[in-house]
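Beneath this line is the structure, given in structure tokens, with notes to follow.
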Amino acid sequence: MSVRVRMAPSPTGALHIGGVRTALFNWLYARNKSGEFLVRIENTDTSREVEGAVQHALDSLAWLGLDWDKPPTFQLDRLDDCRRVAEQLVADGVAYEDEGAIRFRMPDEGTTSWVDAVRGEISFPNESLEDLVLVRADGRPTYNFASPMEDVWDGITHVIRGEDHVSNTPKQINIIRAVGAELPIYAHVPNVMGSDGKKLSKRHGATGVDELRAQGYYAPALLNFLALLGWAPDGETTIMSRDALVERFSLEHVSPSPSQFDYDKLDWMNGVYLRALPVDEYADVLLAYLREQDYDWDEQLIRAAAPLVQEKIAKLGEFPAFAGFLFHDVEASVDGDGAVVAAARDALAELEPFTAEAIESALRAVLETLGLKPRQGFQPIRIAVTGSKISPGLFESIELLGRETTLARLSAAA
RNA sequence: GCCCCCAUCGACUAGCGGUCCAGGUCGCGGCCCUUUCAAGGCCGUCGCACGGGUUCGAAUCCCGUUGGGGGCACCA
């Protein structure tokens, strides 16, 4: 039988890091097995639904390059089917009415167990299973009823989900058995924790895919990083393309224990991906990011600045602060006495050609004349021109800025 | 409280009884390079939670302790 998996977000907010990681594992498994990856929206709790959350989740998946094979389905659409099954279960004597709701009669003795694809055998004593509400008094099915039924109807072969669902599994297994359907294989993947080992939350930093995107993380890098959270193909390989990830992914190598989200490592990996891009492509990515963030800066200048920053910044979001001086005025400031700055201005005033190479020679000559070491001499010039102690290469920056602006800033500082 | 699960450097992990006085990556420290910041190069630091077994032999298997996580809704 061909593999079919699904991700099942509830539309209650932005897609969370843990949620995409689970989606990613589903997707990788499906692609690895040449199976299908479905998206199902679990929206039976209408009261908690957030406007636009569905589209938001789909956008996040698409941004990461996770494609789905059929139009997304909605749990609420199967309300009638669920009710019908519940009534049948009542007729069969395995469910009963209780204050307007329908409850499923869980077995009282023995155990319910399954072989989890990532954790091995898991067993629950049936006496710990409460009789479960299948259909609420208002007629809406509950999650623990609708979810397994949809898995059955959709022909889901592998239920790959977060470990918070482990304790739901014995309940769902009993329901599926009661309707006489075949059980899927279950795989419970570990949770993603914050840097202190506690549940990932706002205080750890960005927790939504949209936030990560806004900070300038590059989708392929994030994908790679997320895949390595709780999974590793071997002990050596860390940088893997989408295709390599698909080719090597397996449930057996998914770790059963929770892992911490390490922003430092993500930053490093993002830098690795960004630096590896051909310059043109890097410029495209940078430009697209800035437009997405509503910067209306000149395209040609952005493209020209791209090579100056590619090796310097790990996240696209650093660009405005790092190279913004090319696009807007800076506050005039001096570091020490203005002598070098004034001398630099004079040296550049008539310089031809106004290229990085020529600028470097001219400025080095200035330092030589003044008896300054590069470290001492270039810093005041950098601060005058860029408004910051940290910047892209000075000479290239000056060339890009142009003579007029450069001289104006040097004069203002001197 | 009850139920389930997990346990290798600070972090992500490799390891599925001998090839491990434990390997890779991030981070961290040092040095080199250097116009700042990065990047890069070299070197280094740090770990099998603890206690019992099993075995000729255990990071690897079993039991317990401790610690951590998840769950106990007419939420998903």
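Proteins come first, then strands; the chains are lettered A, B, ... in the order of their sequence lines, and each starts at number 1. Bear in mind the structure is a predicted one, so any value in this text is a computation, not a measurement.
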**OP:** Determine: side-chain N/O of A/Arg375 to OP1/OP2 of B/rU36, distance under 4.0 Å, yes or no.
**Re:** yes
Subject >> Assigned partner base of B/rU25, Watson-Crick or wobble definition, under 3.5 Å >> reply: B/rA11
**OP:** Determine the contact category for A/Asp116: base if any of its heavy atoms lies under 4.0 Å from a base atom, sugar-phosphate if only primed atoms, P, OP1 or OP2 are that close, otherwise nothing.
**Re:** nothing
Original post:
Is there a side-chain polar atom (N or O) of A/Lys389 under 4.0 Å from OP1 or OP2 of B/rC37?
Top reply: no
**OP:** Ignoring backbone atoms, test whether A/Arg136 places a side-chain nitrogen or oxygen under 4.0 Å from the OP1 or OP2 oxygen of B/rA76.
**Re:** yes
Subject >> A/Val133 side chain, from C-beta outward: closest of B/rC12, B/rC74, B/rC6 >> reply: B/rC74
Subject >> Identity of whatever pairs with B/rA39 - Watson-Crick or G-U, under 3.5 angstrom >> reply: none
Original post:
Across the strands shown, which category fits A/His165 at heavy-atom distances under 4.0 angstrom: base, sugar-phosphate, nothing?
Top reply: base
**OP:** Using a 4.0 Å heavy-atom cut-off across all strands, classify A/Ile122 as base, sugar-phosphate, or nothing.
**Re:** sugar-phosphate
Original post:
With a 4.0 Å cut-off on heavy atoms, is A/Met269 in touch with a base, just the backbone sugar-phosphate, or nothing at all?
Top reply: nothing
Original post:
Do other residues, nucleotides or ligands put more than 12 heavy atoms under 6.0 Å from A/Glu130 CD?
Top reply: no
**OP:** Nearest-nucleotide wise, let me know which of A/Gly197 and A/Pro125 is further upstream toward the 5' end of RNA chain B.
**Re:** A/Pro125
Subject >> Side-chain N or O of A/Ser259 closer than 4.0 Å to phosphate OP1/OP2 of B/rA11 >> reply: no
**OP:** Tell which nucleotide pairs with B/rC72, taking only Watson-Crick or G-U wobble pairs whose two distances are both under 3.5 angstrom.
**Re:** B/rG1
Original post:
Do any side-chain nitrogens or oxygens of A/Arg119 fall under 4.0 Å of OP1 or OP2 in B/rC4?
Top reply: no
**OP:** With a 3.5 angstrom cut-off on both distances, give the Watson-Crick or G-U wobble partner of B/rG67, or none if there isn't one.
**Re:** B/rC6
**OP:** For A/Ser391, report the nucleic acid contact type (base, sugar-phosphate, nothing); a contact means any heavy atom under 4.0 Å.
**Re:** base
**OP:** Would you indicate what A/Phe395 reaches in the nucleic acid, counting non-hydrogen atoms under 4.0 angstrom: base, sugar-phosphate, or nothing?
**Re:** base
Subject >> Nearest-nucleotide 5' precedence on RNA chain B, A/Asp264 against A/Trp231 >> reply: A/Trp231
Original post:
Quick one: are A/Val254 and A/Phe249 in side-chain contact, heavy atoms under 4.5 Å?
Top reply: yes
**OP:** Determine: side-chain N/O of A/Thr44 to OP1/OP2 of B/rA76, distance under 4.0 Å, yes or no.
**Re:** yes
Original post:
Looking across every strand, which nucleic acid part, if any, lies under 4.0 Å from A/Ser123 by heavy atom: base, sugar-phosphate, or nothing?
Top reply: sugar-phosphate
Original post:
Expressed in angstrom and rounded to an integer, what is the separation of A/Asp267 atom CG from B/rC12 atom P?
Top reply: 17 Å
